[in-house]
Amino acid sequence: MGLKDLFEVVAIERQSYHKPWSFFLFLNELKDNEYADYVVLKNDNCVIGYGGMWNFYQYSHITNIAVAPIFRQKGNGTIILKALLEKSRAKGVKRITLEVRTTNQAALQMYKKMGFNPVGIKKNYYEDEDALLMSLTFLKDYH
Ligand SMILES: CC(C)(COP(=O)(O)OP(=O)(O)OC[C@H]1O[C@@H](n2cnc3c(N)ncnc32)[C@H](O)[C@@H]1OP(=O)(O)O)[C@@H](O)C(=O)NCCC(=O)NCCS
């Protein structure tokens, strides 16, 4: 993800999340967060999805993954998730975590298919809903 992608990313973010990140939050991630790593997926030179994570030495945390509504259920979310996993594995990361709304069936299924396991509940994490904390350990859950 580069600065030139940000307007398209924020448009998808707004269509995808109850509390979307702002343009400036993404800008800060790209410019000032040395732990952040973001990718975009493009079709015909247009951004159709993106994902990001924070890498802390042997540990990564996925911050967001979203696909533009008309490009969903076509394998694009899986492509983005795999790209993040491959990047973190290449950095020597051992374990990767994420939070997901307990009712977000699409995301839950995608993460389970990829090898993530539920490891805990964060009560009222989203204010209106709990989060399920999921974790994937390289070598054990993903090869
Ligand atoms: C979650 C999201 C990224 C998935 O993207 P996608 O491109 O539709 O994902 P894929 O096509 O790769 O689907 C992967 C798996 O997820 C599951 N899945 C996807 N959409 C689903 C749906 N609407 N209902 C149930 N399962 C679904 C399926 O198991 C699917 O595997 P299959 O195609 O073999 O059946 C997309 O729905 C999205 O952008 N949602 C809004 C943002 C969001 O909730 N992000 C996650 C925050 S934690």
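First listed ligand is number 1; within each ligand, the first listed atom is number 1.
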Among [options], which one puts a heavy atom closest to [atom]?
atom: atom 13 (O) of ligand 1; options: I79, T78, I12; value: T78
atom: atom 15 (C) of ligand 1; options: Q73, K112, M110; value: M110
atom: atom 29 (O) of ligand 1; options: Q109, M114, Q15, E13; value: Q109
atom: atom 25 (C) of ligand 1; options: A106, G51, A131; value: A106

What protein heavy atom sits nearest [atom], and how far off is it?
atom: atom 46 (C) of ligand 1; answer: I65 O, 3.5 Å
atom: atom 5 (O) of ligand 1; answer: G77 CA, 3.6 Å
atom: atom 31 (O) of ligand 1; answer: K113 NZ, 2.9 Å
atom: atom 47 (C) of ligand 1; answer: Y17 OH, 3.5 Å
atom: atom 37 (O) of ligand 1; answer: R72 CD, 3.6 Å
atom: atom 39 (O) of ligand 1; answer: V67 N, 2.9 Å
atom: atom 48 (S) of ligand 1; answer: Y111 OH, 3.4 Å
atom: atom 44 (O) of ligand 1; answer: N104 ND2, 2.7 Å

Approximate separation, where rounding is to 0.5 Å, of N55 CG and I62 CD1: 10.0 Å
Any E99 heavy atom less than 4.0 Å to ligand 1: yes
Lys/Arg cation over aromatic Y126: R101, 6.0 Å, 45° cone: yes
Considering only heavy atoms of [X], which atoms of ligand 1 have at least one such atom less than 4.0 Å away?
X: A66; answer: 39 (O)
X: S16; answer: 41 (C), 42 (C)
X: K74; answer: 11 (O)
X: A107; answer: 1 (C), 46 (C)

[X] (side chain) donor-acceptor with [Y] (main chain) under 3.5 angstrom:
X: N64; Y: G51; result: no
X: E13; Y: W21; result: yes
X: E129; Y: T102; result: yes
X: D130; Y: I121; result: no

Atom of I12, atom of G49 and distance for their closest heavy-atom approach: CD1-N, 3.9 Å
Ring centroid separation F7 to F23 under 6.0 Å: yes
pair M1-V47: side-chain heavy atoms closer than 4.5 Å: no
Y50 side chain to E8 side chain, donor-acceptor N/O pair below 3.5 angstrom: no
Sub-3.5 Å N/O-N/O distance, G75 and ligand 1: yes
Ligand 1 versus I80: contacting region, heavy-atom distance under 4.0 Å: neither
Proximity of Y50 to ligand 1 by residue part, where a heavy atom lies under 4.0 Å: neither
Exceeds 12 heavy-atom contacts within 6.0 angstrom, atom NZ of K91: yes
Flag if over 12 foreign heavy atoms under 6.0 Å of OH, Y57: no
